4 protein chains.
Amino acid sequence: MSTAAELHRPGRKRCEETREAILRAAYHLLEEGGMGKFTIEGVAARSGAAKTTIYRWWPTKGRLAAEAFLTSTATAAMVPETSSAIADLRAHMRLLASIFRSRVGYVIAGLIAEGHSDPETIEAYRVGIVERRTRITRTIIERGIAQGEFRPDLDVEAALDALYSPLYTGLLMGFNTLDDDYIDRLADTVLHGIGAAPRAG
Amino acid sequence: MSTAAELHRPGRKRCEETREAILRAAYHLLEEGGMGKFTIEGVAARSGAAKTTIYRWWPTKGRLAAEAFLTSTATAAMVPETSSAIADLRAHMRLLASIFRSRVGYVIAGLIAEGHSDPETIEAYRVGIVERRTRITRTIIERGIAQGEFRPDLDVEAALDALYSPLYTGLLMGFNTLDDDYIDRLADTVLHGIGAAPRAG
Amino acid sequence: MSTAAELHRPGRKRCEETREAILRAAYHLLEEGGMGKFTIEGVAARSGAAKTTIYRWWPTKGRLAAEAFLTSTATAAMVPETSSAIADLRAHMRLLASIFRSRVGYVIAGLIAEGHSDPETIEAYRVGIVERRTRITRTIIERGIAQGEFRPDLDVEAALDALYSPLYTGLLMGFNTLDDDYIDRLADTVLHGIGAAPRAG
Amino acid sequence: MSTAAELHRPGRKRCEETREAILRAAYHLLEEGGMGKFTIEGVAARSGAAKTTIYRWWPTKGRLAAEAFLTSTATAAMVPETSSAIADLRAHMRLLASIFRSRVGYVIAGLIAEGHSDPETIEAYRVGIVERRTRITRTIIERGIAQGEFRPDLDVEAALDALYSPLYTGLLMGFNTLDDDYIDRLADTVLHGIGAAPRAG
DNA sequence: TCTTAAACGAGACGGTACGTCATGTCTTAAA
DNA sequence: TTTAAGACATGACGTACCGTCTCGTTTAAGA
């Protein structure tokens, strides 16, 4: 329906090449200097598009940056599936941590920082990246529950937060190093719990 | 020593009232509009100080903001000590979450966002606030270990991250609601662990 | 000829209502804010016509403004004819001055100002308004010559310039007030000449 | 007084070189393309000054243009004084007309056009140029009256308008050619008056 | 009746200049 | 030597119009 409506809209069609040129330029700027060097002016200059054209389609810097980032990062963190859900989870956490340690992590941190003054930036990141990732991790956890590796009464949301939030605080605030050893310690801690082991019997 | 040296330094002394006026103005601006409305220009105008004076003593916006925030938030999250370390921890988490949900939380989010382009801002926040808080929580946990409430082989650092990082992702990215119910679910999850309960016997 | 050629041209005819809507919108904009608020964009929005349509028929802003102004100001300065050419001239000057003092004068000033960057605007104004007026004043003067009120060897062009140019400098530069008293003094001065009266005998 | 006050004002003094660089750049742009090519952006680029600096000192384009023009045109229309006031007046009119026909005339026309949207531009031109010129012509006329060349009861203001306004309408609207022959005809017409010669005796 | 050419609305697009904001550096005179 | 005041170069902001350019629709003449 909406497709038909759009097809019959009068006026010149949106120029797809321009759109792509803008997103490409935006992504390159992001990659080179994170959000710090990311300016509409710069994107316009690099893409050859007019500032007005950019403003026509993206209301804020953050939205453009988010879309550029998402467009160019289709292949998110993916890990092979093994027989052990615990091992899969740990592998996924390690992979995400390694991304956070890389240049991409710097870009993501910039997006989140930008998100403070433009909540929709963060929303775009959440919808575009986090939800996709959450779907994967949720699946792993549910498999783990089915296989008896995780508690059957597990609060999946809280579990995911406990496991993955530290990666963000490491990225944004340097609270931790995000190296493999740390990730393992974190995973173990959440896995076994911090409470004293229940007494047998 | 340093006092004597400073007293005998030639030239006009640093004006303490000016320093305070600047910090006071900075804090009010922070409170009113978070980092978004926080500008050196604005602080100068509001405090009656010259921009030069501000730049002489604070290298960046973020540092000034951090100091202003810290100066005015001496009384951090404090909870009464009960006999149960678990209850204390839970109370502390609830308190911090309530702060994060308040206007102060918005300011903190701004500081962290600013920290992306000025790492020393985040460092100041970490040293000034987080470490103090960590000292408290670490104490609670160590008491809990001693009392047999927590595992004796606990990785305290990982435990604190698992418990507190979700508050930051909630604050910065809205990943969760930070209400009391959520905090309890989070605490329980980390307390009992996500792994299947070891079989008795 | 041209009419026939146009009639036999293929394709859709020019839409007369659109043309009128454009001119009407243009005139209203002119009236409201002079040339300052007059933009093609604005005319398009107000008239409901497309910018393309406007550009198809009017090469420049000034031309459109001039035509809009002329179309809506068919009834130019007209004065009743009395037995005295001198009185008629004076009445005509007073009338024109009063127009120049009004909102219409402001629009005219705008057209002339615009004419600096688009000479054809001024040309349109000259042909459309000034020539018509000159025809009237020239007639009055020639009648005055015939009646013995004006010198028989009068340089009509120079005389009209001396009488009417001050109205324009008053309009454009505020060199004079354009009130009735001034007009009379001007007319008297040009009438009697500035030279010392020729000696009798 | 104001000098003393200014001397004791705190803060950095206005940079004279920058001021001159701006005026010089402004004048060159004016000379090259009149008001059409005159942009604050252009002046900034050419002078090496910042746009903000320009806006600090000149509120509008027109004011800057007017000042730049006046500064660089100190030596206005000057004519040698002869024994005949009539001859002097005619020479002065010819000289001014020749200026109006030149590139400078184009610049003046631009200033007047700009004055439509910024009245203070025209005011600056009037005070800076026209008044100086009027002082000269008024002197000539008064000398002429004293010498018996002009009527003793002459309305000097009206006379000057009748003589000089046509030069402006020629400049701005091309109503006349401004060549020497025209100037002479104009001068003669105003000199002798357009009325029929009074009968001797 | 069908074709074809123009008029027309809508609106995307590359531009230019606008006037403003905040940055961080600098100069000056008083304290 | 510190301070308040403020000038300055820089660079990005977001906006307003400009004039050009597709688009698909509508209208009428000619084949």
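Lettering follows sequence order; numbering is per chain, from 1. Everything quoted here is computed from the prediction, not taken from an experiment.
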Suppose we define a pair by two distances each less than 3.5 Å, Watson-Crick or G-U wobble; what does F:dG14 pair with here?
E:dC18

Please check this pair: side chain of A:T53 against backbone of A:A49, looking for a donor-acceptor N/O pair closer than 3.5 Å.
no

Does C:T53 or B:F38 map to a spot on DNA chain E nearer the 5' end, using the closest nucleotide for each?
C:T53

What is the distance, rounded to the nearest whole Å, between atom NZ of D:K37 and atom P of E:dT16?
12 Å

Any donor-acceptor N/O pair under 3.5 Å between E:dC26 base and B:T52 side chain
yes

Looking at the side chain of A:A50, which of E:dG14, F:dA9, F:dC8 is the nearest nucleotide?
E:dG14

Rounded off to whole Å, could you give me the CD-to-P distance for the C:E16 and E:dC8 pair?
10 Å

Distance in angstrom units between B:Y55 OH and F:dA4 P, rounded
15 Å

Spacing of D:M35 atom CE and D:Y106 atom OH [to the nearest 0.5 Å]:
11.0 Å

D:R56 CZ to F:dT10 P, in whole Å, measures 14 Å

Whole angstroms only, please: what is the CD-C1' distance between A:E17 and F:dC21?
14 Å

If each of C:I40 and A:P59 is mapped to the nucleotide of DNA chain F with the nearest heavy atom, which maps nearer the 5' terminus, i.e. the 5' end?
A:P59

Looking at F:dA31, which nucleotide sits across from it as a Watson-Crick or G-U wobble partner, both distances under 3.5 angstrom, or is there none?
E:dT1

Contact class for B:G42 vs. all strands (heavy atom < 4.0 Å): base, sugar-phosphate, or nothing?
nothing

DNA chain E nearest-nucleotide lookup for C:T18 and B:K61: closer to the 5′ end is C:T18

Quickly work out the B:I22 CD1 to F:dA5 P distance and round it to whole Å.
12 Å

On the nucleotide E:dC13, are OP1 or OP2 found under 4.0 Å from the side-chain N or O atoms that A:W57 carries?
yes

Rounded to whole angstrom units, what separation is found between the NZ atom of A:K51 and the C1' atom of F:dC13?
6 Å

Which of these nucleotides, E:dC18, E:dC13, E:dG9, is closest to any side-chain atom of C:A49?
E:dG9

How do D:R14 and A:R12 order along DNA chain F: which one's closest nucleotide is nearer the 5' end?
D:R14

Find the distance A:K13:NZ to F:dT20:P and express it as a whole number of Å.
24 Å

I'd like to know if D:E32 pairs up with D:R46 as an ion pair, taking the criterion as any Lys NZ or Arg NE/NH1/NH2 lying under 4.0 Å from an Asp or Glu carboxylate oxygen.
yes

Indicate, with a heavy-atom threshold strictly under 4.0 Å, whether A:A44 touches base, sugar-phosphate, or nothing.
nothing

Validation row: C:I122, C:R126 side chains within 4.5 angstrom (heavy atoms)
no

Indicate yes or no: at least one non-hydrogen side-chain atom of D:F69 is less than 4.5 angstrom from one of D:I108.
yes

